[in-house]
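Just follow the structure's listing: the first ligand is 1, and inside any ligand the first atom is 1.
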Amino acid sequence: NRHKFWETQPVGQFKEIGDTSLPEGPIEPPKLLSEVKQEPYNLPNLYEWVTCNIDSEEMCAEVYNLLTNNYVEDDENMFRFNYSKEFLRWALRPPGYFKSWHIGVRVKSSKKLVAFITGVPARIRVNFLCVHKKLRSKRLAPVMIKEVTRRVHLENIWQAAYTAGVVLPTPVSTCQYWHRSLNPKKLIDVGFSRLGARMTMSRTIKLYKLPESTVTPGFRKMEPHDVPAVTRLLREYLSQFAIAPDFDENDVEHWLLPKENVVDSFLVASPETHEITDFCSFYTLPSSILGNPNYSTLKAAYSYYNVSTKTPLLQLMNDALIVAKQKDFDVFNALDVMQNESFLKELKFGPGDGKLHYYLYNYRIRQAVLPSELGLVLL
Ligand SMILES: COc1cccc(CC(=N)NC(=O)c2cccnc2OC2CCNCC2)c1
């Protein structure tokens, strides 16, 4: 009964795989507002629901500390995602967000925050489900997923997208992640990478060396006045994918304008016509290094949305690597989504040791989506 909970949910079930008689689209019809459970689900006795107001410094710090100590680790438990407070405020407050979708669980007696789940509307997606390490297998996650779903239903929204490193019923796509060393000495020292066979450290450093500055004429940081043009470029590009966000100018302003320590975005504007022909971006997600005497944090950049219509994607992404190195990132991570496959090997990315599975809630698609057909990057 590994998936006892997920077998009760409107998600693609393993036993349905290949059943082409089932229609594509919503699995359950929308409910009338009066049919949605009006009161919160019951928690085990010792716990209580709390709506997390992440605008408050104190509450944001509680959420930050819970995630820093209990959120996702790599398969070998050597690293743990360490989302910063400014990143969390950015990720959880996009246009049209609902405070009521930032849901925590406290211990009634101590008031300690021990679990957290969120949703954000970007034509909807769910992110950040975390349960304190000591409360795992207490079956808290299912009731938390039901509660955030209930609160999303109250806003008349019926679908969601989410990712997980674990296989649940049923992935719509399974992506491979890749890493490009920027600071190979540190990555080897902390055990993220291993020295290649017949390779010395100095040979490895030389292998990953990058130019001091970007090579594409007209390559510059995105600025507020670029939002309309970048929105047009991005909407056109993303329309080709089976699953992709439907960004408007407000979304682009929030999700893609540079924000220090959170997200970096660049574009190529033709020096003659000033037309914007290309775009690249990455977000900042450091990881805590668990148990290393010399280093505590791995500074990682994650490939976000990239569009190339004139500059070859290979050259555009190499400029992204150059800027990431200038900003002192240790590693540049990417999934094999969109057209990333076309540059990964050539730019010296190595395959990671795991997969990232994409899921849709209450939406059936007839056949799985290839990573190259996925135009959605979750944080
Ligand atoms: C290096 O520190 C880590 C700390 C925790 C987990 C992992 C491995 C891992 N699970 N990596 C990814 O999921 C990943 C690898 C490349 C690009 N994006 C990724 O995940 C994104 C998107 C999903 N939410 C987390 C960040 C690595």
Study note, to complete from the structure: The atoms of ligand 1 lying under 4.0 Å from a heavy atom of Tyr83, numbered in the order shown, are 24 (N), 25 (C), 26 (C)

Practice item. Would you tell me which option among Asp74, Asn77, Leu378, Leu285 has the nearest heavy-atom contact to atom 22 (C) of ligand 1? Key: Leu378

Exercise for review: Search all heavy atoms of Ala334 against all heavy atoms of Asn340 and return the closest pair with its distance.
Suggested key: CB-ND2, 4.4 Å

Practice item. Compare all side-chain heavy atoms of Ser303 with those of Leu335 and state whether any distance is below 4.5 angstrom. Key: no

Point to revise | Aromatic plane relationship, Tyr237 with Phe241 - under 30° parallel, 30 to 60° tilted, over 60° perpendicular | key: perpendicular

Check your understanding: Numbering the atoms of ligand 1 from 1, which are under 4.0 Å from a heavy atom of Ser287?
Key -> 1 (C), 2 (O), 3 (C), 4 (C)

Review point. Tyr162 vs Trp6 aromatic rings, parallel, tilted or perpendicular, using cut-offs 30° and 60°?
Key: parallel

Study note, to complete from the structure: salt bridge (Lys or Arg N to Asp or Glu O under 4.0 Å) filter on Asp189, not counting sequence neighbours, yields Lys185

Study note, to complete from the structure: Per-atom filter on ligand 1: closer than 4.0 angstrom to a heavy atom of Thr163 are 23 (C)

Practice item. Could you label the plane-to-plane angle of the Phe79 and Phe192 rings as parallel, tilted or perpendicular, counting under 30° as parallel and over 60° as perpendicular? Key: perpendicular

Study note, to complete from the structure: In ligand 1, the atoms that come under 4.0 Å of a heavy atom of Leu356 are 13 (O), 22 (C), 23 (C)

Review point. Heavy-atom contact under 4.0 Å between Leu379 and ligand 1?
Key: yes

**Study point:** Close-contact set for ligand 1 against Tyr283 heavy atoms, below 4.0 Å
**Key:** 21 (C), 22 (C), 26 (C)

Practice item. Specify side chain, backbone, both or neither for Trp178, according to which of its non-hydrogen atoms lie closer than 4.0 Å to ligand 1. Key: neither

Practice item. Check if Phe192 has a non-hydrogen atom at a distance under 4.0 Å from any atom of ligand 1. Key: yes

Exercise for review: Would you please classify the geometry between the His357 ring and the Tyr359 ring as parallel, tilted or perpendicular, with 30° and 60° separating the classes?
Suggested key: tilted

Check your understanding: Does Phe332 reach ligand 1, in the sense of a heavy atom lying below 4.0 Å from it?
Key -> no

